[in-house]
Amino acid sequence: MGPTTRSRFVYNRRGRGGGGQCTVDEASDDDEQRAISSSSSDEEADNEEEEPEASGEEVDDGDDEESEGEDGAAEPANKESAPPPAAGERKGGRKGPITISLKKVCKVCKRTGHEAGFKGAVYIDCPMKPCFLCKMPGHTTLTCPHRVAMEHGVIPAPRRNTNTSLDYVFQSQVKGKISMVKPQFLVPNQLECGNIKFHQRRVTCLEFHPTKNSVLLSGDKKGLLGVWDYVKLHEKITYDSVHSCILNSMKIDAANDEILYTASSDGTISCTDLDTGIGSPLLNLNPNGWNGPSTWRMIYGMDLNTDKGLLLVADNFGFLYLLDRRSKTRIGHPVLIHKKGSKVTSLHCNPAQPDVLLSSGNDHYARIWDTRKLEPNSSLASLAHGRVVNSGYFSPQSGNKILTTCQDNRIRVWDYIFGNLQSPSREIVHSHDFNRHLTPFKAEWDPKDYTETVAVIGRYISENYNGVALHPIDFIDTNSGKLLAEVMDPDITTISPVNKLHPRDDVLVTGSSRSIFIWKPKTEADLTEERAKQKAKEYVYGSCSRKKSNGKHDNSSDDDSDGSPDGKNKKAKKTRYTHTVKGKGKSKV
DNA sequence: ACGCTATGGCCCC
DNA sequence: TGGGGCCCCTAGCG
C-alpha cells in the first residue's frame, strides 16, 4: 500500500484553492507528506460526498446519455458542449426527446451542423480541419492511420512460471544471455514524490546533476533557477536573480561539476558556482538593454565542448557564438548557422566527437557542423524538416544517430550520421505540436540505454483515461516507432512537455506546468495495490454506477487549471492514440 | 465563473 | 521583407 499512497500527495481534492497543496516548502519532511496523502479509498469517499450536491443533475445526466447515445450532445452537465437551447430544456423540464440538433455550433471553426471539442474526456476533431495528429487533410484524429492501439501498457504482462522443462532451458540458457545483451528496461511510471511546486511559472528546463545522484536543477519561465535534492526535498536553493526571463538551457560539466551554465531569453549566459552560490555573467547579448523585440536577443541553444573548454551558444537571430569557458571571452565572430533572423532552438555536441555540432532551428532545418571550421553555409549536412525543429540530439553513447523533434508532429531518426542524410531513416508520427503557451516538446534519448533505442517525450494530444483527459509521457522505441510505455497519473491533468531521464538510475523527472514530478518504476507492491484498487473501483461502478459520473473536481490537480476541459471525467471508453513509423521511401503519410 | 494574457508561428498583404 | 492578424486540446490569476 505504501508506494501507491505515496504517489498521491495532492490532497486538496475537495476545496479548490483552499485545500492547500503540499508544497515542498511547507512540508519539508517527506515522510509526513506520505502520511497525509490520500489513498484511493479516500478518493471514492470524496466522490460520494460530492454527489448529493449535484444530484438533481446527475439523474438527468444518466438519462440523457442513454437517450442521446454516445456521440451526440451527451454530457449535458458539460456547460460548453451543450448548446444553449438544449441546456435550457434540460434545466427546466427534464429529459424528454431533446433532439434539437439544429443549432450545433462547432467550437473550433464556428460553423454549424457539427460539433467539435471535448465530449467528456474525448476530444472530437473539427472535420473542417486537417487531422490534428498527422496534419494531413481528409480525416480526423479518430480515423487517422497513425492512431493505432498500443499492445502493452506500462504494466508488464504477468510473469510466466510454468515450471516446464522448456522454462528451465529458457531460464538457464536463454534468459541469462538476454539480460547480458540488453538490461531490463524499467519504466519509471510510478509517482515517487508528489507535486513539487516552488516554481511560479511553467517549468522550462530540467537537468540532473552529472555526479550527485539525487540533485536536480530546474528552471522556469521567469528565470528562476532551482537546485534541489529530490530525496531530501527540503534541501533546496533557488536563485531568482540569475536570469530575468525564460531559462532555456542548463549544463554542468561532469569533470568540473560545481559550475553550472545557464542560458536564457534575457540574452545572457550565466555561470553559477553551486558551492558558493556566486554567479557571474559570461555573455550578454543585450548590453544596451531593451530596444524593442526586433533587436532583443534571446538564447535558446547551448552546449559544452568539454574537450576544448568551449561553450557554444546560439541566439534567436540565427547566430552561433563560441566562448572560452575559462577566459570568459568570445572566440571569433558570431557565425550565421540558420536562416538570418530565425531562432536557433537547440545545440548539441557529439558525445564521441565534440567538435561535431548539431543545431536545430526555426528555419525548418537541423544542421551538422564542424566547429573547427565554422563559416556560414559550411555545414556538413542539412536535415530538412516539415516545420520548426524543436530539438536535435546525437545519440548518447556512440553519437552515430540523430533524433529530432519537429512541430509537424513527427519525431525523426537518422541511424547513421556518416551515411546518407538526405532523408531520415524513420519518421514517427507523434503528437507534440504545441501552442505558444507550452514549453516546446523535445524527444530525448535515454542516456542509460546503450542500444540507443529508447526516447522519451511528452504528448500533447489527450487521451481518455478512465474518463479523465490525460496527457501521458511516451517512451518510444525509435527503431520500430512502437510505443513502449505511456506514463501518466490521474492527478496530473496538465501537459508535460519537459522530461528528463536520470543518467544512471531508473528515474524520470517531469516538468508539467509549474509542477515537477519524480517517477520511479513500479514495484510488485505497487502493482498488487493497483489491481486491488481497480477491483474496488469496478465494484463501486457496478453497484452504484449511475451516480458516479460527475465528480468534476475530484481529479483536479493542484494546478486547478481549466486546462482540463469540463466534464472530462465522465465515464467513457478508453481511447488510445499512438503513433506509427514511416519508413524510408514509403509513400508520404 | 469569466476574461485576460503570455511576446509562438504562420499566413497574408 | 516586415507587420498585423489569426489560431489555439494552455494555465493560472484577479
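Predicted model only: the values in this text are computed from it and were never measured. Every chain is numbered from 1, with letters handed out A, B, ... down the list of sequences. Values below: all heavy atoms of this structure, side chains included; hydrogens, waters and symmetry mates excluded.
- Note: A:F132 and A:Y460 meet the aromatic proximity criterion, with ring centroids under 6.0 Å apart.
- Each of A:T494, A:V498, A:D489 was compared with A:S512 under the side chain to side chain contact (heavy atoms under 4.5 Å, CB included) criterion, and only A:T494 meets it.
- Atom-to-atom, CG of A:N195 to C1' of C:dG12 comes out at 14 Å; the value is rounded to the nearest Å.
- Judged purely by distance below 3.5 Å, without hydrogens or angles, the side chains of A:H338 and A:R367 pair a donor atom with an acceptor atom.
- Taking atom CZ on A:R201 and atom C1' on C:dA11, their separation rounds to 9 Å, with Å as the unit.
- Between the C1' atom of C:dA11 and the NZ atom of A:K222 lies a distance of 14 Å, rounded to the nearest Å.
- B:dA1 and C:dC9 have their P atoms separated by 22 Å, given to the nearest Å.
- In this structure, A:I269 CD1 and A:H243 NE2 are separated by 7.0 Å, a value rounded to the nearest 0.5 Å.
- Note on A:R514: a side-chain N or O is less than 4.0 Å away from OP1 or OP2 of C:dC13.
- Within a 6.0 Å sphere centred on CZ of A:R297, heavy atoms belonging to other residues, nucleotides or ligands number more than 12.
- Note on A:K221: every side-chain N or O is 4.0 Å or more away from OP1 and OP2 of C:dA11.
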Measure all distances between protein nitrogen or oxygen atoms and nitrogen or oxygen atoms of nucleotides 8-12 of chain B, and list the pairs falling under 3.5 Å.
unit_1	atom_1	unit_2	atom_2	d
B:dG8	N7	A:R436	NH1	3.2
B:dG8	O6	A:R436	NH1	2.8
B:dG8	O6	A:R436	NH2	3.2
B:dG9	OP2	A:K343	NZ	3.4
B:dG9	OP2	A:N362	ND2	3.2

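- Among C:dC9, C:dA11, B:dT7, the nucleotide with an atom closest to any side-chain atom of A:S513 is C:dA11.
- Across all strands, A:F132 comes closer than 4.0 Å to base atoms (heavy-atom distances).
- The nearest whole Å value for the distance from the NE2 atom in A:H432 to the P atom in C:dC9 is 15 Å.
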Self-check item: Criterion salt bridge (Lys or Arg N to Asp or Glu O under 4.0 Å) on A:E207 and A:K500, from CA distance to verdict
Solution: CA-CA 7 Å; A:E207 206 74 39; A:K500 208 88 191 182; 3.4 Å; yes
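- When distances run from any side-chain atom of A:I495 to the nucleotides C:dG12, C:dC9, C:dA11, the shortest one goes to C:dA11.
- When ring centroids are compared, A:W414 and A:H385 come within the 6.0 Å threshold.
- Nucleotide C:dC9 holds its P atom 8 Å from the CG atom of A:D433, rounded to whole Å.
- A:N499 places no side-chain N or O within donor-acceptor distance of the main-chain N or O of A:I473, the cut-off being under 3.5 Å.
- Across A:T345, A:V344, A:V389, a single residue satisfies side chain to side chain contact (heavy atoms under 4.5 Å, CB included) together with A:N362, and that is A:T345.
- Atom-to-atom, CZ of A:F441 to P of C:dT10 comes out at 11 Å; the value is rounded to the nearest Å.
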Quiz prompt | Under the 3.5 Å Watson-Crick or G-U criterion, the dot-bracket string of DNA chain C, with | for inter-strand pairs | solution = .||||||..|||||
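- In this entry the distance linking CG of A:D266 with C1' of B:dT7 reads 15 Å, nearest Å.
- Each of A:S496 and A:S294 was assigned the nucleotide of DNA chain C with the nearest heavy atom; the assignment lying further toward the 5' end belongs to A:S294.
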